[in-house]
Every structure is written in structure tokens, then in C-alpha cells.
Amino acid sequence: MPLRLIANWKLNGSLEFNDQWAENFFKNFSNSNLKSIGIAPASLYIDHIRKVIGDSGIEIGVQNICDVESGARTGEISATMIKDLGCKFSLIGHSERRIFFNESNQTISKKLILANNNSVMPILCIGESAEENERNDTHDVLKFQIDEALKDLFEASSLIIAYEPVWAIGSGKIPNPEEINSVHKMIKDVVQSRFPKIDLKSVLYGGSVSSENASSLFAQEHIDGALIGGASLDGKEFAQIANVFNELK
Ligand code: PEP
């Protein structure tokens, strides 16, 4: 199964954290299917994470790549470097990047192209703000974000989309699972109808996923998996979410 459960550790972690996380995760994970799981640690720790998870099959990815391949971009990491290190995926356009680093849909589009050129699976993050949600603009906002991000992509590109309502991230609030399901269906329909040659591997949900709400989410047909921030920082909690996923998907 392709990537379906991604841990986004954001700006968290340390050598000690990584060791503890792996110990807690493997103690509590009750299945042998690790192929659908990915971890996006802070890039500095990729090598260490690889040592602590061994050859378990968990994929390692990054939280961001630069929108150019190389050159004068102090502090950045390129898709080529990610590929060089054997990383399999990159989050692209996370709302925190859009908000704190002013990432535009145009920049995101360039990152998607570079990820595809380097066989790094892009996980395109899209989502509406609280105000847009209150105005019932969710579908229009998502369609716009998809159009802008995908319009310059080569026909044969592949990607994963993560639907992450900005107001649900880290807030403990999530939309009703049926609503999420219908948004995911809409996302699949839009990509299929406007970009029929693009291979959309799956649509993940992200925003306050926990072991408590996981079964109500994974019971939905079009919720193919999850992108998990806060709850993924606890190896035991993340293992419990993965156990629910393996029961239902
Ligand atoms: C995220 O930031 O991608 C995310 C889903 O965060 P959280 O699970 O903490 O809401």
C-alpha cells in the first residue's frame, strides 16, 4: 500500500526524542504492515531516524523542499538532495509554510514539479481558513488551490493530497467525518476531471487526528489516510492510530 499515514513532526525532536519515539512506537504497533507509514522529521535528523527505525519499512520524508534546484538560497534543501538521501516524499504547501513563510500557489507549483522530477512523492497540503469555512467557501478555496498548484504539472505526475482545514490544525476541532468524506470526494473528482493524466494516489485528512477520532475518520470511504501533527509526536499514540488504520483500511 502506498503512503497513507504521515507523521509531521514540524519543528520538534532531538536525538533522545527519536530513540524514545521508536521504542514507544514499536512496543505498541500491533501489525506488520509498516509500508503505508511515513515520518517527516526535521531534516537534520533523517540519518538518525533511519538508524532507529532500521529496515522496518517506514518511509522517511521531509516537511518542505526549495522551489529551485540549487544555487543562492541560503538555508534551503533541494529535491535533488532529498532524493540523494533516499527520502521518498515531501510535504508541499503546508498551511504553516503558506502563513509563516508566505508561500504562494506559484511557489508550491514549482516545488511539485521539482519533487516529481526527482521521484520524490509530493504531498500537497490544501485547506480553508476558519473565515472561509464560515462563509461556506471551502469547495471554491480548495478548487482554486488545486488548479493553481497543478496547472503546470506534467501530465504523468503523481501526487498525494492532504486536506487540512487550517482551523482544525492543532486545535482539537475537526469537521464532521461525513463532511470530510464529501470534501475528499470533491477533491478526487476535481483532479480527475481537470487533470485526468495526473495520478492522484490518495487523499489524506489532516487536522487534530488522534487515536480517539481515528476510527470515525477511517470508516469513511474517501478518507484514505491521515497527515498527523501533534498526535504523531507520541510514538504510542501514533502506533494506536496506525493500528486503527490497519483494522479499517
Ligand atoms: C499538521 O500540521 O499537518 C497537522 C495535521 O497537525 P495536527 O495533527 O497537530 O492538527
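Worth knowing before you read on, the calculation uses all heavy atoms, side chains too, and leaves out hydrogens, waters and symmetry mates. As the structure lists them, so they are numbered: ligands from 1, and atoms in each ligand from 1.
Between Tyr205 and His184, the ring planes are tilted. Angles from 30° to 60° get that label.
Counted by atom type alone, Arg97 and Asn102 present zero donor-acceptor pairs between their side chains at under 3.5 Å. For the residue pair Ser30/Asn243, the side-chain donor-acceptor check at 3.5 Å is satisfied.
Annotation for Glu178: atom CD counts as buried by contact number, over 12 foreign heavy atoms lying within 6.0 Å.
Atom CZ in Arg194 sits 10.5 Å away from atom CG in Leu150 (nearest 0.5 Å).
Aromatic ring centres of Trp9 and Tyr45: separated by at least 6.0 Å.
Protein residues lining ligand 1, listed by chain and number: Asn8, Lys10, His94, Glu96, Glu164, Ala168, Ile169, Gly170, Gly206, Gly207, Ser208, Leu227, Ile228, Gly229, Gly230 [non-hydrogen atoms, distance under 4.0 Å].
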